[in-house]
**Q** 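Please find one structure pasted underneath; my questions will follow.
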Amino acid sequence: MRRSIARAAIALALIAASAAGAAPAVDRYDATYVAEGSSLRYFYTPDTTDQRVAANTQDGLVENDKYGRFVPSIAESWSSNPDYTEWTFKLRKGLPWVDSRGQKTKYEITADDYVEGFRYVADPKNGIKNLSKDIRKLIAGLNNYYLDLVDIDAGKKTDITRAKALEAFDASVGVKAPDKYTVVFKLTKPTPFFLSFLVMELFLPVEKEFLASVGPDFGVAKEKILYSGAYYIADWQRDKQIVLKANPFYWDAKAIKVKTVSLQKVVSADVQIQMFQRGELSSATLAADQVKALANTKWADYIYPAEPSSVTYWFVQNFTSPNPEFKAFVNNLNFRKALYYGIDRAKLNELDDPYRPANILRNTVVPEQVVVDEKGRDYTEYPGVKEIRAAGNYYDKQKAREYFAKAVAELTDGKGTIKGVAAGKVDMKPIAEFQVDGKLPLQLLYVSLPDAVETKRALLLKAMLEDVFGKENIEVKLGQAIDDIFAEVVEPRRFDMLNDNFRFGFGDPSAQLGRLVTNGAINDGQYSDPEYDKLVEEAAAKNVLSERYKTFARAEALFLDRCYVLPWKTGGAAYTISKMVPYTYPRGGFGITRFKYKGMVVEKDPVTAKRYEEIKTQFFKELQAITSK
């Protein structure tokens, strides 16, 4: 009872803080987008524009609330069996699909629509490229079903027709609708974090009869889809504008404060700021140079840091490099530790945030405030990871030099000749081609993308490493990809080091740590560590989240201590100027419901930086009260 009263008091404090200095609320939100969406087929969302539209026009079984918790959406309740291999969801009754005029259709949203959605996703002919192998192997029968269709389409399987293979879905794939308002998922292994998968676009519904009526035209126009979410698409003009209107028949209509959302395509960041200043936009993001330009104007009082994303940037080292000098060094732990302490992460971050570069540091692979256990404890608060997260900038020139000296002593003959390395040509064309002589200075090829910020970062990193270790010990060569770092550089192994990042997939440390094992999907360095692999396997076998996370934290601590990748920055490193009241809309580190406008409050005037800090402080007090109950 006392705890409930305390939480209520904090909630009132938050409301008071939000109201302090608040302008009148408005029911319209105007924003911009840069990349045109691929289509309105909401099961495949390769860019942010697609994700934003899908999240606001379609509802999954569950969603995130503003604290990031999983709460009911179309499903009003759910349960699982004791070992988390079967999950059952009970749907709300009487919810209509609406059309692109916001009119109620003859179709009701039912359990069959979620089964049909997955049937669509599971057919390789539909090209849903984000249906990962991990998900195919998680849903019972799905991987075999999918691969059978792939083989049939490739002419490799001729003992069954495609039509017969499609008929096998209901019997063989673990997505069922035992009655009109019940959806059941059968899994291949215990998955206590399964809810975190359900905020992905892959688990959205589609109405079977409507889908059959539009056929291959599904998603080619706003009239060629139906809407189950908080908004419908009232206008869609390619390369110009997307307008969303509130769905009057939405199950949670009272939570929709903004009735009209207008998204305009604006590529220029400077134009975006000018539009905000003229009152044509509700929010805008700012890069470092734009923040500097507005520093001495009236707008400076309204600029505040954007929330960091769950994306982690890290430096990848190529353990199988065709450069024999680097290959010898990178497989030495002392050298990797020298790099770890020799890179001034805060200095690199000044290119993104010149005012508070330490605020966008990230030392861990698994991001903070994304994964919580059954008691609400953040994964990054577990021993091993907690200390690494709290350490801040690891840059230490003296330590870096000491580790480098140890590596040199172990890898050279004492006179600068690298043991086992012969002189020759290193062919990494078209990225680079150079001669090595098997002697110090060690030659290291750092590859980046050609945009202005990454080019500056590459030059800064080169100067930094050559200053720390001395040009007589290391020579950093710079190479550039054209536009696809994976296809041009990672896959053909044309690098020694590069800057990379990966989106966090679902609510468990295995979303990253499980893909960083030997031969893992994002092990771009191609290192191998059986001890780390074993710890990840041990953690993945535990069903109680707190026990699971304790072991994952041990695995991550070992992984980072051995410096297989070098985390250094959060994603989302930008500034914001906005009339949108922060922390009033869904929050989450993965999936698409974090893009929802549901609950969002927009005011007539911009939110000041001072008010933002007050709201943020109160919000995290409330969040702490919730997670510690």
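Note that these values count all heavy atoms, side chains included, but never hydrogens, waters or copies made by symmetry.
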**Q** Is the backbone of V372 close enough, under 3.5 Å, to the side chain of K375 for a donor and an acceptor to pair up by distance?
**A**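 No, the answer is negative, given that no donor and acceptor are paired below the 3.5 Å cut-off.
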**Q** Show the numbers, then the answer: is there a side chain to side chain donor-acceptor pair (under 3.5 Å) between E307 and Y583?
**A** CA-CA 10 Å; E307 286 294 296; Y583 303 107; 2.7 Å; yes
**Q** Salt bridge or not between D50 and R52? Use side-chain N to carboxylate O under 4.0 Å.
**A** no
**Q** Please round to the nearest 0.5 Å and tell me the distance separating atom CG of L442 and atom CD of E472.
**A**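 With rounding to 0.5 Å, CG (L442) is 12.5 Å from CD (E472).
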**Q** Under 4.5 Å between any side-chain heavy atoms of T49 and I242, yes or no?
**A** yes
**Q** Please determine if D252 and K598 form a salt bridge, counting it only when a charged side-chain N lies under 4.0 Å from a carboxylate O.
**A** yes
**Q** Are F495 and F326 near enough that their ring centres are under 6.0 Å apart?
**A** no
**Q** If we only count heavy atoms from C-beta on, is the D30 to S262 side-chain gap below 4.5 Å?
**A** yes
**Q** Determine, for E488 against R494, whether the closest basic-nitrogen to carboxylate-oxygen distance falls under 4.0 angstrom.
**A** no
**Q** Within the 4.5 Å heavy-atom criterion, are K569 and L361 side-chain neighbours or not?
**A**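 K569 vs L361: side chains apart.
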**Q** Is the number of heavy atoms from other residues, nucleotides or ligands under 6.0 Å of I482 CD1 greater than 12?
**A**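 Atom CD1 in I482 is not crowded, with 12 or fewer foreign heavy atoms closer than 6.0 Å.
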**Q** For Q369 and R587, does a side-chain donor sit closer than 3.5 Å to a side-chain acceptor?
**A**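 R587 and Q369 do have a side-chain donor-acceptor pair below 3.5 Å.
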**Q** Evaluate the side chain to side chain donor-acceptor pair (under 3.5 Å) criterion for residues S283 and Y29: first the C-alpha distance (whole Å), next the side-chain angles of each, then the deciding distance (0.1 Å), finally the verdict.
**A** CA-CA 8 Å; S283 66; Y29 179 67; 2.8 Å; yes
**Q** With a sphere of 6.0 Å drawn around NZ of K462, does it hold more than 12 non-hydrogen atoms of other residues, nucleotides or ligands?
**A**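 Buried by this count: over 12 neighbours within 6.0 Å.
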**Q** Let me confirm one number: the CG-CG distance from D500 to L566, rounded to the nearest 0.5 Å.
**A** 12.5 Å
**Q** Parallel, tilted or perpendicular: which describes the rings of Y527 and Y564, with under 30° parallel and over 60° perpendicular?
**A**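 Parallel, since the angle between the ring planes stays under 30°.
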**Q** Output all residues satisfying side-chain hydrogen bond (donor to acceptor under 3.5 Å, both in side chains) with N393, sequence neighbours left out; order by chain, then residue number.
**A**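 So N393 forms a side-chain hydrogen bond (donor to acceptor under 3.5 Å, both in side chains) with D344.
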**Q** I360 and D352: side chain to side chain contact (heavy atoms under 4.5 Å, CB included), yes or no, with the steps?
**A** CA-CA 9 Å; I360 57 173; D352 300 297; 3.9 Å; yes
**Q** Heavy-atom distance under 4.5 Å between the side chains of T576 and L286, does that happen here?
**A**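 No, side chains not in contact.
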**Q** How about K245 and T260: does a side-chain donor come under 3.5 Å of a side-chain acceptor?
**A** yes
**Q** Could you go through the side chain to side chain contact (heavy atoms under 4.5 Å, CB included) check for T312 and W568 one step at a time?
**A** CA-CA 8 Å; T312 299; W568 66 284; over 6 Å; no
**Q** So, F619 versus Y67, ring centres under 6.0 angstrom or not?
**A** yes
**Q** Please determine, by modelled atom types, if R362 and T570 share a side-chain donor-acceptor pair under 3.5 angstrom.
**A**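 No, no side-chain donor-acceptor pair sits under 3.5 Å.
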**Q** Determine whether the side chains of S282 and E603 contain a donor N or O and an acceptor N or O closer than 3.5 Å.
**A**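 Side chains of S282 and E603: no pair found under 3.5 Å.
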**Q** Step by step, would you call M497 with V316 a side chain to side chain contact (heavy atoms under 4.5 Å, CB included)?
**A** CA-CA 5 Å; M497 281 185 64; V316 177; over 6 Å; no
**Q** Sort out for me which residue in E556, R389, E368 forms a side chain to side chain donor-acceptor pair (under 3.5 Å) with T380.
**A**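 Of the listed options, the one satisfying the test is R389.
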**Q** Has the side chain of D235 got a donor or acceptor atom that lies under 3.5 Å from a matching backbone atom of L244?
**A**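 Side chain of D235 to backbone of L244, a donor-acceptor pair under 3.5 Å: no, none is there.
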**Q** Do W314 and N499 have side-chain N/O donor and acceptor atoms under 3.5 Å apart?
**A**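 Absent: no donor and acceptor within the cut-off.
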**Q** Is it true that K240 and E36 have a side-chain N and a carboxylate O under 4.0 angstrom from each other?
**A** no
**Q** Within the structure provided, determine whether V565 and Q317 are in side-chain contact (heavy-atom separation under 4.5 Å).
**A**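 No. Closest side-chain heavy atoms not under 4.5 Å.
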**Q** Between R594 and G591 (side chain of the first, backbone of the second, donor and acceptor by atom type, cut-off under 3.5 Å), is there such a pair?
**A**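 It does hold such a pair.
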**Q** Salt-bridge test for R611 and E614: reply yes if a basic N is under 4.0 Å from a carboxylate O, no otherwise.
**A**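 No, no charged N to carboxylate O under 4.0 Å.
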**Q** Taking the six-membered ring for Trp, are Y395 and Y341 ring centroids under 6.0 Å apart?
**A** no
**Q** Say whether, by atom type as modelled, one donor and one acceptor occur between the side chain of Q58 and the main chain of Y42 under 3.5 angstrom.
**A**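 No, Q58 side chain to Y42 backbone: no donor-acceptor pair under 3.5 Å.
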**Q** Any chance you could measure E622, atom CD, to T617, atom OG1, to the nearest 0.5 Å?
**A**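 Going from CD on E622 over to OG1 on T617, the span is 13.0 Å.
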**Q** Above 12 or not: heavy atoms from other molecules or residues under 6.0 Å from NZ of K604?
**A** no
**Q** With ring centroids as reference points, do F506 and F590 lie under 6.0 angstrom apart?
**A** no
**Q** Is there a side chain to side chain contact (heavy atoms under 4.5 Å, CB included) between V476 and L461? Walk through the geometry before answering.
**A** CA-CA 9 Å; V476 179; L461 183 66; 6.0 Å; no
**Q** For a quick check under 3.5 Å, do D59 and Y250 share a side-chain donor-acceptor pair by atom type?
**A**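 Short answer, yes.
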**Q** Atom CD1 of I431 and atom OG of S448: how far apart are they, to the nearest 0.5 Å?
**A**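 It comes to 9.5 Å.
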**Q** Quick one: do K477 and E475 make a salt bridge, cutoff under 4.0 Å?
**A**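 Here K477 pairs with E475 in a salt bridge, since their nearest N and O are under 4.0 Å apart.
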**Q** Would you check if the side chain of S268 reaches a backbone N or O of V271 as a donor-acceptor pair within less than 3.5 Å?
**A**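 Indeed, once roles are kept as given, a pair shorter than 3.5 Å links the two residues.
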**Q** Drop me the distance from Y44's OH to E201's CD, to the nearest 0.5 angstrom.
**A** 10.0 Å
**Q** Among Y379, Y549, Y382, find the one that has a side chain to side chain donor-acceptor pair (under 3.5 Å) with D373.
**A**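 Checked Y379, Y549, Y382 against D373; only one passes side chain to side chain donor-acceptor pair (under 3.5 Å): Y382.
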**Q** Is the Y575-Y304 ring centre distance short of 6.0 angstrom?
**A** no
**Q** Apply ring-ring contact (aromatic ring centres under 6.0 Å, His included) to Y340 and Y394, showing your working.
**A** CA-CA 7 Å; Y340 187 79; Y394 275 98; 4.8 Å; yes
**Q** Is any side-chain heavy atom of L459 closer than 4.5 Å to a side-chain heavy atom of L478?
**A**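 The answer is yes, as the side chains (C-beta and beyond) meet within the 4.5 Å cut-off.
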**Q** Do you see a donor-acceptor pair shorter than 3.5 Å between the side chains of S510 and D508?
**A** yes
**Q** Any luck finding a side-chain donor-acceptor pair between E402 and Q398 under 3.5 Å?
**A** yes
**Q** Decide whether D496 and N323 meet the rule of one side-chain donor and one side-chain acceptor closer than 3.5 Å.
**A** yes
**Q** With a 4.5 Å cut-off on side-chain heavy atoms, are I615 and V581 touching?
**A**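 They are in contact (side-chain heavy atoms under 4.5 Å apart), so the answer is yes.
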**Q** Look up atom CG in N64 and atom CD1 in I592, then write down how far apart they are to the nearest 0.5 Å.
**A** 10.5 Å
**Q** Can D239 and Q237 be counted as having a side-chain donor-acceptor contact under 3.5 angstrom?
**A**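 The criterion, which ignores hydrogens and geometry beyond distance, is not satisfied for Q237 and D239.
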**Q** Taking 4.0 angstrom as the limit, do E350 and K347 come out as a salt bridge?
**A** yes
**Q** Side-chain contact test, heavy atoms from C-beta onward, threshold under 4.5 Å: evaluate it for Y227 versus K222 and give yes or no.
**A** yes
**Q** Counting only heavy atoms from other residues, nucleotides and ligands, does the tally under 6.0 Å from OH of Y302 exceed 12?
**A** no
**Q** Holding to side-chain contact (heavy atoms from CB on, under 4.5 Å), I want the full list of residues that pass it with T297, two or more places apart in sequence or in another chain.
**A** L294, W299
